[in-house]
Amino acid sequence: MLNKGSRAAALPAVSELDETLLSHRKINKETSKIMDYPANFIHDIIEKDLAKGIVNKIHTRFPPEPNGYLHIGSAKAIRINFEAAKRYGGLFNLRYDDTNPEREEDEYVRSIHEDIVWLTGEEPTGGIFFGSDYFEKCYEVALGLIKSGKAYVCDLSGEQMREYRGTLTEPGKESPFRNRSVEENLDLFTRMRAGEFPNGHCTLRAKIDMASPNMNMRDPAIYRINHTEHHRQGDKWCIYPLYDYAHPLQDAFENITHSCCSIEFENHRPLYDWVVEQLTVDNGQLTVDNGQLTVDNGQLTVDNGQLTVDNGQLPVGPTNRPHQYEFARLNMTYTVMSKRYLRELVESKLVDGWDDPRMPTLSGLRRRGYTPSAIADFLDRAGYSKAQSVVDIAMLEHCMREELNASALRRIAVTEPLLVTITNFPEDKSEMFPISNHPGNSDMGKRELPFTRRIYIERSDFSDNPPPKFHRLKPGTEVRLMSAYIIKCDEVVRDGNGEIIELRCTADLETGNGVPADGRKIKGTIHWLSAEHCTDSSIMQYERLFTAEEIPGDADYTDFLNKDSAKLISGVKLEKTLETAKPGERFQFVRLGYYTPDSKNPNVFNSIVDLKSSYRP
RNA sequence: UGGGCUAUCGCCAAGCGGUAAGGCACCAGACUUUGACUCUGGCAUUCUCAGGUUCAAAUCCUGAUAGCCCAACCA
């Protein structure tokens, strides 16, 4: 369905692929949804690498910092990495990038894992790792860098460092500490680790190029001192590697082949490559006993089978090193995606936690009733490119509707009940009408709904002052009660305030639940519930969180919060079959939308998405 | 003359020198015991702009323009 035939031509020739890959592809073609996942530029790169034998087994990763909950933008990063591995028979790692002890918490570690498993439907095939578990290895590599004169301890303060760094248009100046001896650097760095210096006293910097037009290359700090307890390492460390240094090393340690991240890291790629290259053969890390290293068919082999690595680190070379690729991050209309805003919404109690059903977080979407498959479908349809964009949230809603239309059982809910008395129907009679669980799919079966003299219909399904094309109940005309009688409104009963409190109608008992013998056409069909056989419940009706498609960058985003984004509707009547509904089950409330029981509040149903309605008064 | 990236329908997005896929949204019609679904038709003579190369350009070249990212001891 989403597969583009034209993409087939871009795939490498069959002969260029190895057997495992081939069989994988064949299986997918016949049975799985995976092949429907459209190719993208990342796949193009991977397929070229595979075809050329540059890589043998694809290995990707998703490296969240455990400092917040995952959102649908994170899901894009997960999916791009996860699907690349899956599609090409590779492995996918979850790696917590927990190199900053001040921001990370175990709660987030837990939620991230839960969300990823929910989204992908499986535990990460390559394993779960923590960046902080590599601190010792990172430290050793840093020692190597110092020994080869590629890193130095710098005593410049933060402010001084900023001055020395130069500006976007002017080159920086070299630090006065740049040419310290290897011995001095080694001594200082050892003492940094030993805790001899307070926070901010000095840093370890990579010696690259203070005049580089890329600010990231102007001798970036790669280690800082921070005497803060780490959520996982406790007080074991007081020096922490920075992202630009730690991340490429982590990728290399895990034998990641394709490291896909979002576009803002594009400027960091030269530094990523620089760090990775410090791990190459001539760095002294790899010893091959006769000096001969060859690569055959993407397979790393050594002439006589003898390969030694001095610290257990797999050697990195031209054919087995990680590469970083960037894709555009996801933006959606009527919501915000930055973790900062999401956290603020939670902390200021503007929403009911990270899993508030209005939030674009995965936990929020899950609680709202969204499915992983609809999210994946949405992500794939929105596509993966490098162009900055804002995807219409209507596309997400469409994906959810499309899936639920096929899978959700139809049920009846009357949200604003208006009493209707069927005057020609006996007081003590109860008649069962069979009603389909899904009009388009008889395999989903049917149930029986009791019909009695007193029923409820939606207040909005009656009007005594109907606008044009009002195909519902109005005085003197007929309407179909879904799967039951045709009724005609004879009388409108009002209370002292003129409020309509009851409708008195007569049913066409001759026709019953059938087509009228005289062939007359009934325009409208409305839903109903026996007033004696229904249950009381509530609905949380959700709308978009914000009132504007995009929040202007210079505005206060709280000014754009939609005050009606969550409305509790109580006094809702539901058919009895819904009494046993459990969170995780999704229903179509006929003519209204899709709903699911809220996981936190018993007897409350969350609106997932409304049905598309083309009626305009 | 800081560097990098990106520009194809209202919103996404294919396209990789051979004469503009698809999805969402929208509009019109058919069907309908859900104003849903489904179906049918309509939605870029044109690819940010201006030149150039070519039999042929969204695709190549040149030059503009616009948007995004970069000056944390964050990730």
Side-chain angles (χ1 to χ4, degrees), chain A residues 1-2 4-7 10 38-40 44 63-65 67 97 99-100 102-103 154 156-158 161-162 165-172 199-205 212-218 220-226 239-240 242-244 246-247 261 263-270 326 328 333 339 378 380-399 401-402 405-406 410 412 435-436 439-440 469-472 479-484 486 513-515 522-527 549 588-593 610-616:
Chain A
M1 55 183 173
L2 285 175
K4 305 292 190 293
S6 62
R7 300 295 310 186
N40 60 55
D44 291 346
E65 181 182 19
N67 68 341
D97 201 351
T99 55
N100 184 344
E102 292 184 8
R103 319 208 313 178
C154 180
L156 252 27
S157 69
M161 210 184 277
R162 202 170 310 126
R165 190 160 30 232
T167 69
L168 293 176
T169 53
E170 298 157 325
N199 291 357
H201 183 265
C202 55
T203 57
L204 183 69
R205 293 227 259 165
S212 171
N214 183 341
M215 301 296 288
N216 297 307
M217 300 298 273
R218 320 242 262 228
I222 60 176
Y223 266 94
R224 65 186 180 290
I225 297 170
N226 192 338
I239 56 170
Y240 291 91
L242 281 108
Y243 169 85
D244 279 318
H247 194 255
C261 62
I263 202 86
E264 70 270 24
F265 292 105
E266 205 158 29
N267 296 328
H268 297 243
R269 188 166 4 111
E326 309 84 14
T333 55
K339 259 189 203 173
F378 161 71
D380 292 349
R381 291 204 208 195
Y384 308 93
S385 73
K386 298 188 71 152
Q388 189 269 345
S389 64
V390 183
V391 182
D392 193 338
I393 199 168
M395 184 128 54
L396 207 213
E397 295 167 344
H398 169 83
C399 291
R401 254 187 229 113
E402 187 177 83
N405 178 50
R410 310 291 119 131
I412 290 177
I435 178 165
S436 174
K469 295 185 177 173
F470 185 80
H471 299 154
R472 308 180 192 183
V479 81
R480 164 75 65 177
L481 293 178
M482 188 180 285
S483 300
I486 295 163
N513 176 21
V515 183
I522 308 302
K523 299 277 194 304
T525 300
I526 64 175
H527 57 281
E549 285 195 11
Q588 183 193 92
F589 289 177
V590 163
R591 296 213 303 136
L592 299 174
D610 288 347
L611 249 30
K612 268 181 87 162
S613 170
S614 51
Y615 170 66
R616 305 253 152 39

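These figures come from a predicted structure and were not determined experimentally. Throughout, protein chains are lettered first and strands after them, A, B, ... in sequence-line order, and every chain is numbered starting at 1. The basis for the numbers below is simple: all heavy atoms, side chains too, and nothing from hydrogens, waters or symmetry mates.
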(request) Would you mind telling me which of B/rC74, B/rA14, B/rG2 lies closest to the side-chain atoms of A/Thr169? (result) B/rG2
(request) Go through B/rC24, B/rA75, B/rC37 for me and flag the one nearest to the A/Asn405 side chain. (result) B/rC37
(message) Applying a 4.0 Å non-hydrogen cut-off, can you work out what A/Val390 is touching in the nucleic acid: base, sugar-phosphate, or nothing?
(response) sugar-phosphate
(message) Only pairs with both distances under 3.5 Å count, Watson-Crick or wobble alike; so what is the partner of B/rG63 in this structure?
(response) B/rC49
(request) Pick the P atom in B/rC39 and in B/rA25, then give their distance to the nearest Å. (result) 14 Å
(request) Using a 4.0 Å heavy-atom cut-off across all strands, classify A/Phe265 as base, sugar-phosphate, or nothing. (result) base
(request) Salt-bridge test for A/Arg381 and A/Glu402: reply yes if a basic N is under 4.0 Å from a carboxylate O, no otherwise. (result) yes
(message) For B/rA72, does the O4'-C1'-N9-C4 or O4'-C1'-N1-C2 angle fall within 90° of 0, making it syn, or is it anti?
(response) syn
(request) Report yes if a side-chain nitrogen or oxygen of A/Thr167 is closer than 4.0 Å to either non-bridging phosphate oxygen (OP1 or OP2) of B/rA71; otherwise report no. (result) no
(request) Could you work out the separation of B/rC31 and B/rA36 based on their P atoms and round it to a whole Å? (result) 14 Å
(message) If you go through the side-chain atoms of A/Asn267, does one of them form a donor-acceptor pair with the base of B/rC69 closer than 3.5 Å?
(response) yes
(message) Between A/Tyr240 and A/Asn100, does the side-chain contact (heavy atoms from CB on, under 4.5 Å) criterion hold? Intermediate values first, please.
(response) CA-CA 7 Å; A/Tyr240 291 91; A/Asn100 184 344; over 6 Å; no
(message) Side chain of A/Pro213 only, heavy atoms from C-beta on: which candidate in B/rC26, B/rG2, B/rG23 is closest?
(response) B/rG2
(request) With heavy atoms under 4.0 Å as the rule, sort A/Pro439 into base, sugar-phosphate or nothing. (result) base
(message) Taking only the C1' atom of each, what is the distance from B/rG17 to B/rU54 in whole angstrom?
(response) 9 Å
(message) When you measure from the side-chain N and O atoms of A/Arg162 to the phosphate of B/rA72, is any distance below 4.0 Å, counting only OP1 and OP2?
(response) yes
(message) Among B/rC74, B/rA71, B/rC69, which nucleotide has an atom closest to any side-chain atom of A/Glu264?
(response) B/rC69
(request) Remember a base hit wins even if backbone is also touched, and classify A/Gly158 as base, sugar-phosphate or nothing at under 4.0 Å, heavy atoms. (result) base
(request) Report the nucleotide, chosen from B/rU34, B/rA36, B/rG23, that has the shortest atom-to-atom distance to any side-chain atom of A/Arg381. (result) B/rG23
(request) Look up atom CD1 in A/Ile486 and atom CZ in A/Arg480, then write down how far apart they are to the nearest 0.5 Å. (result) 4.0 Å
(message) Without decimals, in angstroms, what is the distance between A/Asp392 CG and B/rC26 P?
(response) 9 Å
(request) Could you tell me whether a side-chain N or O of A/Thr203 sits under 3.5 Å from a main-chain N or O of A/Arg205, the two making a donor and an acceptor? (result) no
(message) Tell me which nucleotide, if any, is Watson-Crick or G-U wobble paired with B/rC16 when both distances must be under 3.5 Å.
(response) none
(request) Would you mind telling me which of B/rA71, B/rA75, B/rA25 lies closest to the side-chain atoms of A/Met215? (result) B/rA71
(request) Using a heavy-atom cut-off of under 4.0 Å over every strand shown, decide if A/Arg218 touches base, sugar-phosphate, or nothing. (result) nothing
(request) Check for a donor-acceptor pair, side chain of A/Ser212 on one end and backbone N or O of A/Asn214 on the other, with a separation under 3.5 Å. (result) yes
(message) If the cut-off is 4.0 Å, is A/Arg269 near the phosphate of B/rC5, judged by side-chain N/O to OP1 or OP2?
(response) no
(message) Is it the case that the side chain of A/Asn513 and the backbone of A/Ser483 share a donor-acceptor pair, with hydrogens and angles ignored and the cut-off at 3.5 Å?
(response) yes
(message) What is the separation between atom OH on A/Tyr243 and atom P on B/rA72, rounded to the nearest whole Å?
(response) 17 Å
(request) Spell out, as yes or no, whether a donor-acceptor pair under 3.5 Å connects the side chain of A/Arg401 to the backbone of A/Asp610. (result) yes
(message) Strictly by Watson-Crick or wobble contacts shorter than 3.5 Å, is anything paired with B/rC39, and which nucleotide is it?
(response) B/rG29
(request) Calculate the interatomic distance between A/Leu481 atom CG and B/rU34 atom C1'; express it in whole Å. (result) 13 Å
(request) Give one of base, sugar-phosphate or nothing for A/His471, where a contact means two heavy atoms less than 4.0 Å apart. (result) base
(message) Tell me the interatomic distance from A/Asn100, atom CG, to B/rA75, atom P, rounded to whole angstroms.
(response) 5 Å
(message) Without decimals, in angstroms, what is the distance between A/Asn226 CG and B/rA75 C1'?
(response) 15 Å
(request) Decide yes or no, distance alone: a donor-acceptor N/O pair under 3.5 angstrom between the base of B/rU34 and the side-chain of A/Arg591. (result) no
(request) Could you check which nucleotide pairs with B/rC74 in any of the strands shown, counting Watson-Crick or G-U wobble with both distances under 3.5 Å? (result) none
(request) Identify which nucleotide among B/rU6, B/rA14, B/rA75 has an atom closest to any side-chain atom of A/Ala387, counting heavy atoms from C-beta outward. (result) B/rU6
(message) Can you check the distance between B/rG4 and B/rG41, where both ends of the measurement are the C1' atom (answer in whole Å)?
(response) 46 Å
(request) Under 4.0 Å between any heavy atoms, over every strand shown, what does A/Arg480 touch: base, sugar-phosphate, or nothing? Just pick one. (result) base
(request) Look at A/Lys386 together with A/Glu266 and state whether they make a salt bridge at an N to O cut-off of under 4.0 Å. (result) yes
(message) As a test of reading the structure: which of B/rC5, B/rC24, B/rA75 is closest to the side chain of A/Glu266, going by heavy atoms?
(response) B/rC5
(request) Scan A/Arg103 against the nucleic acid and name what it touches under 4.0 Å (heavy atoms): base, sugar-phosphate only, or nothing. (result) base
(request) Using only heavy-atom distances, decide whether a donor-acceptor pair under 3.5 angstrom links the side-chain of A/Arg472 to the base of B/rG35. (result) yes
(message) Using atom C1' in both nucleotides, what's the gap between B/rG10 and B/rC27 to the nearest angstrom?
(response) 13 Å
(request) Mark yes or no for whether A/Asn216, through its side chain, and A/Asn267, through its backbone, hold a donor-acceptor pair below 3.5 Å. (result) yes
(request) Measure the CD1-OH distance between A/Ile239 and A/Tyr223 for me, rounded to the nearest 0.5 Å. (result) 5.5 Å
(message) Suppose you measure atom C1' in B/rC9 against the same atom in B/rA58; what distance do you get, rounded to whole Å?
(response) 14 Å
(request) Could you tell me whether A/Leu156 contacts a base, only the sugar-phosphate backbone, or nothing, with contacts defined as non-hydrogen atoms closer than 4.0 Å? (result) base
(request) Classify the nucleic acid contact of A/Gly514 as base, sugar-phosphate or nothing, counting any heavy atom under 4.0 Å across all strands shown. (result) base
(request) Determine the interatomic distance between P on B/rC47 and the same-named atom on B/rU8; round to the nearest Å. (result) 12 Å
(message) The side chain of A/Asp44 is closest to which nucleotide in this list: B/rC16, B/rC24, B/rA75?
(response) B/rC16
(request) Please work out if A/Phe470 contacts a base, only the sugar-phosphate, or nothing of the nucleic acid, heavy-atom cut-off 4.0 Å. (result) base
(request) May I ask you to evaluate whether A/Lys612 reaches the phosphate of B/rA25, defined as a side-chain N or O under 4.0 Å from OP1 or OP2? (result) yes
(request) Could you tell me whether A/Ser212 contacts a base, only the sugar-phosphate backbone, or nothing, with contacts defined as non-hydrogen atoms closer than 4.0 Å? (result) nothing
(request) Among the candidates B/rU33, B/rA75, B/rC12, find the nucleotide nearest to the side-chain atoms of A/Met482. (result) B/rU33
(message) Without decimals, in angstroms, what is the distance between A/His268 NE2 and B/rG3 P?
(response) 18 Å
(message) With rounding to the closest Å, how many angstrom separate the C1' atoms on B/rA57 and B/rC69?
(response) 31 Å
(request) Would you kindly give the CE-to-C1' distance between A/Met395 and B/rC11, to the nearest whole Å? (result) 7 Å
(request) Looking at every strand, decide which applies to A/Ser389 at a 4.0 Å heavy-atom threshold: base, sugar-phosphate, or nothing. (result) sugar-phosphate
(request) With heavy atoms under 4.0 Å as the rule, sort A/His247 into base, sugar-phosphate or nothing. (result) nothing
